[in-house]
Amino acid sequence: MSLTPASPAPRLIVLGDLLDFPKDPGFAPPPEAEQAGAVRWRPDHRIRIEAGRILAVEPASTPLPADWAQVPVHDHRGQLILPGFIDTHVHCPQLDVIASFGTELLDWLNTYTFPAERRYVDPAVSQAGAERFLNALWAHGTTSAVVFPTVHKVSAEALFERASRARMRLVTGKVLMDRHAPDGLRDDVTQAEHDCVDLIQRWHGRDRQAFAVTVRFAPTSTPEQLQMAGALCRDHAGVYMQTHVAENRDEVKWVAELFPDARSYLDVYDRDGLIGPRAVLAHGIWLNDEDRAVMRAHGAQIAHSPSSNLFLGSGLFDWRGAEADGVRVSLASDVGGGTSLSMLRNMGDAYKIQALQGVRLTAWKALHTATAGAAAHLGLADELGLIEPGRMADLCAWSWAEGDVGRHRDQIAQQAASLDAGRLHERAFAWMTLADERNLRETLIAGGSVFRAPALAPSLLASA
Ligand SMILES: [Zn+2]
């Protein structure tokens with residue numbers, strides 16, 4: 001038998017100022033977080049990437065190994081390189097209804113969302129929707145996501161197929177809803193179970209794809225369907241579970257009427273075995289102390305969705321209180337209840353929600369939560385969230401400032417930072433607050449460029 005040498009693994013070099021977060025800075029003031037080693041700032045560094053993974057991270061002045069001399073260089077010197085953001089709760093079909101006027105959650109679903117989701121029964125609509133949605137995530141600096149499609153199996157398949165081609169880490173699953181939804185958007189227990197098992201067998205664990213048992217929310221599933229969903233979680237180790245909980249006070253009241261024997265809204269899920277370490281529950285604004293104890297005991301996480309909570313008038317999430325009670329918290333856009341796929345915009349909104357409660361959210365805490373924090377909560381810390389050898393090369397390059405106001409503010413912050421290394425937070429906070437997708441220069445997933453700012457495209461690739 002003759003051995004054919006394998007073709008050399010694709011390689012890439014990225015240059016820039018690296019910022020990542022090896023530890024949770026909590027709600028400590030910036031200098032304390034930095035002293036505790038939660039913030040890692042490595043200006044003028046080089047990342048060497050091979051076969052989709054980070055091979056080495058070193059100062060740019062380090063001599064390059066001879067066999068790397070011809071490797072393409074993506075030159076972002078003087079700009080920020082961060083791990084790609086992880087959005088832990090977002091709805092693919094709701095790009096069609098983002099920024100819809102005037103309703104709270106339950107009316108918003110009936111008026112805007114359900115009619116839009118019904119169109120995804122058509123495979124062509126599902127495929128075009130997945131393409132548009134994933135491209136939009138990448139163009140906003142998000143490289144991994146936990147996604148709601150629609151009730152239609154084809155809508156989940158379209159996402160898996162497109163994400164798989166990009167080697168993107170994606171968590172999704174067909175939505176379960178067998179009541180309180182219009183015609184064309186309801187499944188039934190038997191068919192839904194069949195569809196979920198088929199999706200698990202074909203997609204879970206393949207090409208960075210992971211299946212999530214996806215209960216829309218308690219009101220749209222019968223008790224029988226919730227039991228089936230719990231059995232899926234039990235029988236298929238490693239699958240995730242995603243749903244909504246305690247987002248809005250009218251919703252909480254409705255759940256209490258529908259499930260009079262449940263201790264609370266969260267208990268509707270917990271008693272059927274849906275709450276575990278891989279459970280991602282959006283919102284959780286109106287959970288009580290006992291619910292938080294249940295969340296802590298299971299290691300489940302809340303996907304805090306600040307822009308959505310403000311836009312729909314749902315309430316102010318007590319992030320610090322939830323974490324003090326041991327609940328894991330990640331950050332999410334919840335588009336289309338949220339008004340931007342930009343995790344930076346959502347961090348800005350999260351800051352304002354905390355400010356209204358007398359808490360100051362640092363850039364370090366917000367950025368950690370959307371990178372290494374979410375990776376850890378999803379059980380993917382070895383793969384995502386840090387710029388380190390062995391991790392997948394899911395990276396974004398950002399400009400520090402765009403526009404006259406942004407550039408002016410950044411110049412002032414930069415002068416302060418140059419006088420005192422401890423002032424990096426001032427610059428990073430202004431960046432987090434003022435930046436959005438216009439600041440994005442490039443998005444890499446598994447070392448492949450999936451987005452590049454049009455103005456940069458010709459000048460980005462320097463010769464080695
Ligand atoms: Zn949602």
Side-chain angles (χ1 to χ4, degrees), residues 86-100 103-117 120 129 133 136-137 140 142 144-152 155-156 159 170-177 180-181 185 212-221 229 240-252 254-255 265-266 268-269 274 279-287 300-315 317 329-343 345-346 349-350 353 370 374 378:
I86 302 167
D87 185 342
T88 56
H89 178 75
V90 57
H91 299 254
C92 166
Q94 292 182 14
L95 278 189
D96 298 9
V97 298
I98 188 171
S100 293
T103 51
E104 283 199 8
L105 174 66
L106 300 177
D107 286 338
W108 178 82
L109 285 172
N110 288 318
T111 309
Y112 299 114
T113 308
F114 286 158
E117 292 192 5
Y120 278 67
F133 172 75
L137 285 185
H140 286 76
T142 295
S144 298
V146 183
V147 181
F148 264 67
T150 65
V151 72
H152 315 101
S155 71
L159 281 166
L170 182 90
V171 179
T172 194
K174 158 213 141 49
V175 175
L176 299 170
M177 43 201 277
H180 297 141
L185 279 184
V213 174
T214 302
V215 175
R216 172 160 223 127
F217 69 149
T220 45
S221 284
Y240 290 87
M241 193 290 292
Q242 60 174 340
T243 191
H244 299 84
V245 73
E247 174 177 1
N248 164 296
R249 277 176 287 194
D250 288 342
E251 171 211 18
V252 173
W254 190 26
V255 171
Y265 189 160
L266 185 78
V268 173
Y269 302 133
L274 288 160
V280 183
L281 295 103
H283 309 300
I285 300 168
W286 304 102
L287 293 179
Q301 70 181 289
I302 289 175
H304 172 38
S305 308
S307 159
S308 169
N309 295 167
L310 292 172
F311 187 69
L312 295 177
S314 302
F317 175 62
V329 178
S330 53
L331 262 177
S333 70
D334 191 28
V335 161
T339 50
S340 176
L341 289 172
S342 165
M343 293 302 284
R345 291 253 180 129
N346 274 280
D349 283 341
I353 287 175
L378 292 169

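In listed order, ligands and their atoms are each counted from 1.
Between Trp254 and Phe217, the ring-plane angle classifies as perpendicular under the 30° and 60° cut-offs.
Residues Arg345 and Thr339 fail the side-chain proximity criterion, which asks for heavy atoms closer than 4.5 Å. Between Val255 and Val268 there is a side-chain heavy-atom pair separated by less than 4.5 Å.
Taking the ring centroids of His283 and Tyr265, they lie at or beyond the 6.0 Å cut-off.
Taking the N/O/S atoms of His91 in turn, the shortest distance to the Zn ion (ligand 1) belongs to NE2.
Among the backbone and side-chain atoms of His89, an N/O/S atom is found under 2.8 Å from the Zn ion (ligand 1). Residue side and main chain included, Asp334 places an N/O/S atom under 2.8 Å of the Zn ion (ligand 1).
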